[in-house]
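Excluded from the calculations below are hydrogen atoms, water molecules and symmetry mates; all remaining heavy atoms, backbone and side chain alike, are included. Just so we're on the same page: letters track the sequence lines, and every chain starts at 1.
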Protein chains: 2
Amino acid sequence: MDLGSDLRAKGKRLTVQRRLVLEAVQRARHHVTADEVAKRVRGEAGQIDPSTVYRNLEALEELGYVTHTHLGSRVTRWHRADMHQHAHLVCRSCGAEDEVPVSVFTGLARRLRTSHGFRADLAHSAVEGICRRCAVVQS
Amino acid sequence: MDLGSDLRAKGKRLTVQRRLVLEAVQRARHHVTADEVAKRVRGEAGQIDPSTVYRNLEALEELGYVTHTHLGSRVTRWHRADMHQHAHLVCRSCGAEDEVPVSVFTGLARRLRTSHGFRADLAHSAVEGICRRCAVVQS
DNA sequence: CTCACTATTGCTATGACTTGCGATAACCGA
DNA sequence: TCGGTTATCGCAAGTCATAGCAATAGTGAG
């Protein structure tokens, strides 16, 4: 199935802007912000409104083409959905970001599922805390 | 130690607004938004600027009097720091919020600490996912 | 190919913060 | 008690994200 068919199967349409937004996210190696997506699109094609970018990222997320995560700051980061999953540790003190495999969370995920029937997406939000280096400095 | 001394020990000052903001959070039974704090202060005393509320919440957080958490929506919720700790489960589909004791997270917290030296604050951000009811409906 | 239908776009407006700046008022030492 | 220093305040402006709305453009049917 291609993008166009996937979209139409859900009553959505394949517009120029939508295709450009997806391509921008796919070409990016790592997480990108909506604003970075807009800049990339503007570099390739012409102008694009920020709200269009946001709405398309959301639409593409529904289709399973992209996903977003919340890192330390309140900016949302987007990336292609077919990347390997990992969670983020963000230091509250120095802002350092670290990646950990999702396997670290499987125990907790299973526990929340059996005890609360809750399917947790633990990679979605970064885990805030104090990194090793800052913990040493502070004590 | 009282609020005034705590503040001055850090080179900060005890202003009318700062005291009112703290009292507003302390009187609130549960989590409150910055806007709700502003409204409470305005009810008690006169006018207060939103930016003053935000800056004071931040200052009081530094001193350990209040803390904030991020729930599903984009708004930040504040509460007194001496409340019993609990984490939140937020359903991505219906928005339902559930509370779980932090004890559920101690295993993961210990693991992140030994493997990465990272002191995780797992109650800070809500865990997103799909609640039991929505999981049943979707399948 | 043409046309009607309606999803999507861009624009504007709102919400939740955040930041810069001059005026004000805590605080401390004399 | 009286300044002088400077943290903090209120206001204006800016950012990121979402929502409403008229105009536009994909789409499927004929």
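If you measure from atom NE2 of H68(A) to atom P of dT18(D), you get 8 Å, rounded to the nearest angstrom. Look at CZ on R19(B): it is 15 Å from C1' on dT8(D), rounded to the nearest Å. Distance, K10(A) NZ to dG28(D) P: 17 Å, rounded to whole Å. Regarding R42(A), its CZ atom lies at a distance of 14 Å from the C1' atom of dT9(C), rounded to whole Å. Separating the CD1 atom of I48(A) from the C1' atom of dG10(C) is a distance of 10 Å, rounded to the nearest angstrom. Following rounding to the nearest Å, L57(A) (CG) and dT8(C) (P) show an atom-to-atom distance of 14 Å. Distance, N56(A) CG to dA17(D) P: 15 Å, rounded to whole Å. Atom C1' of nucleotide dG26(D) and atom CG of D6(A) are separated by 17 Å, given to the nearest angstrom.
Checking the phosphate oxygens (OP1, OP2) of dT9(C), no side-chain nitrogen or oxygen of T52(A) falls inside 4.0 Å.
Contact of the L20(B) side chain with the I48(B) side chain is not registered, since no non-hydrogen atoms from C-beta on lie closer than 4.5 Å. Between V127(B) and F105(B) the shortest side-chain heavy-atom distance falls below 4.5 Å.
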### Task
Using a 4.0 Å cut-off on protein heavy atoms (strictly under), produce a 5'-to-3' string for nucleotides 17-30 of chain C with B for base contact, S for backbone-only sugar-phosphate contact, and - for none.
SBBB----BBSS--
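D6(B) and K10(B) are not joined by a salt bridge, as no carboxylate oxygen comes within less than 4.0 angstrom of a charged side-chain nitrogen.
Side-chain atoms of H124(A) come within 3.5 Å of backbone atoms of H68(A) as a donor-acceptor pair (strictly under, hydrogens ignored).
Shown here are the salt bridge (charged side-chain N to carboxylate O under 4.0 Å, His left out) partners of D82(B), two or more places apart in sequence or in another chain: R80(B). Residues passing the salt bridge (charged side-chain N to carboxylate O under 4.0 Å, His left out) test with E23(A), sequence neighbours excluded: R19(A).
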